[in-house]
Amino acid sequence: MGLITEINSIFLISDLSFKKKLNKICALLRTKKKHYDWVGFYFANHAEKTLLLETYSGATTEHTTIPFGKGICGQVAISNCIFIAPDITVESNYLSCNPLVKSEIVCPIFVNNTNVGQIDIDSHTKNAFGHNDEILLNKICAIIAKHFPNHISAVER
């Protein structure tokens, strides 16, 4: 079974909350993609211009709230574009959370043309991410957007 099929099947589990489904996706990606050492979902609080960490799989992080513009995730909240940092040591706006991290990819999630959040993935390998990761994450973000609970804000989740 392919990753996209497995992720679609997670959303068919009716007795799981949205957050638990996201948590299963984080764990699945870390298991299936060996260069994905940390996988997390941040969601936007547009009123406060911050990103809030919803769930993740990997080492603990102190970055549970990130201001728009700060770090790679904060940059994506403003640019609305996927960002690949092949070598985080050359990124002037990088938020260090784990000394083992060497590269990062962040892909935004859009609901009704609004950037509601993002998937953030760290790797302990330099140059870990490429075009295939970009394609995969865009597909995953589209699935999440389709199932996004519009009736609640990121703060309430």
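Predicted model, so just to flag it, every value in this text is computed and none were measured.
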Please lay out, stage by stage, how Lys33 and Val39 fare under the test side chain to side chain contact (heavy atoms under 4.5 Å, CB included). CA-CA 10 Å; Lys33 303 293 276 182; Val39 179; over 6 Å; no

Minimum-distance pair of heavy atoms, taken over all atoms of [X] and [Y]:
X: Gly74; Y: Ile66; value: N-CG2, 4.2 Å
X: Asn138; Y: Cys107; value: OD1-SG, 3.2 Å
X: Glu54; Y: Lys19; value: O-CE, 3.1 Å
X: Phe43; Y: Leu22; value: CE1-CD1, 3.5 Å
X: Pro108; Y: Asn80; value: CG-O, 3.7 Å
X: Val76; Y: Phe83; value: CG2-CB, 3.6 Å

Does the side chain of [Y] come within less than 4.5 Å of [X]'s, by heavy atoms?
X: Asp133; Y: His35; result: yes
X: Lys32; Y: Glu6; result: yes
X: Leu100; Y: Asp37; result: no
X: Ile82; Y: Ile105; result: yes
X: Ser103; Y: Asn127; result: no
X: Leu136; Y: Ile140; result: yes
X: Ile119; Y: Leu29; result: yes
X: Ile121; Y: Leu137; result: yes

Residue pair Asn115 / His46, side-chain donor-acceptor N/O under 3.5 Å: no

Regarding Asn112 and Thr114, do their side chains bring together a donor and an acceptor under 3.5 Å, going by distance alone?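 Note: Asn112 and Thr114 side chains miss the donor-acceptor criterion.
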
What do the steps show when you test Phe11 against Lys146 for side chain to side chain contact (heavy atoms under 4.5 Å, CB included), and what is the final call? CA-CA 10 Å; Phe11 282 102; Lys146 187 171 80 171; over 6 Å; no

Between Leu3 and Lys139, does a side chain to side chain contact (heavy atoms under 4.5 Å, CB included) hold up when you go through it step by step? CA-CA 10 Å; Leu3 267 174; Lys139 288 178 182 178; over 6 Å; no

Point-to-point distance, once rounded to the nearest 0.5 Å, from [atom1] of [X] to [atom2] of [Y]:
X: Phe18; Y: His147; atom1: CZ; atom2: NE2; value: 9.0 Å
X: Ile144; Y: Gln118; atom1: CD1; atom2: CD; value: 11.5 Å
X: Lys70; Y: Leu51; atom1: NZ; atom2: CG; value: 13.0 Å
X: Ile143; Y: Ile25; atom1: CD1; atom2: CD1; value: 7.5 Å
X: Glu62; Y: Leu53; atom1: CD; atom2: CG; value: 12.0 Å
X: Gln75; Y: Glu91; atom1: CD; atom2: CD; value: 7.0 Å

Considering only residues two or more places apart or on different chains, which pairs with a residue in residues 104-124 satisfy salt bridge (Lys or Arg N to Asp or Glu O under 4.0 Å)?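 Every pair satisfying salt bridge (Lys or Arg N to Asp or Glu O under 4.0 Å) with a residue in residues 104-124: there are none.
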
Between the side chain of Ser17 and the main-chain N/O of Lys20, is any donor-acceptor distance below 3.5 Å?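 Side chain of Ser17 to backbone of Lys20, a donor-acceptor pair under 3.5 Å: yes, one is there.
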
CA sep, side-chain torsions, deciding dist, call: Lys24, Ile7, side chain to side chain contact (heavy atoms under 4.5 Å, CB included): CA-CA 9 Å; Lys24 283 182 130 344; Ile7 289 168; over 6 Å; no

Greater than 12 external heavy atoms within 6.0 Å of Asp15's CG: yes

So with a 6.0 Å cut-off around NZ of Lys21, is the heavy-atom count from everything else above 12?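 Counting neighbours around NZ of Lys21, more than 12 heavy atoms of other residues, nucleotides or ligands fall under 6.0 Å, so yes.
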
Quick one: which of Tyr36, Phe41, Tyr42, Trp38 gives a ring-ring contact (aromatic ring centres under 6.0 Å, His included) with Tyr56?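 Going through Tyr36, Phe41, Tyr42, Trp38 one by one, the ring-ring contact (aromatic ring centres under 6.0 Å, His included) with Tyr56 is satisfied by Trp38 alone.
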
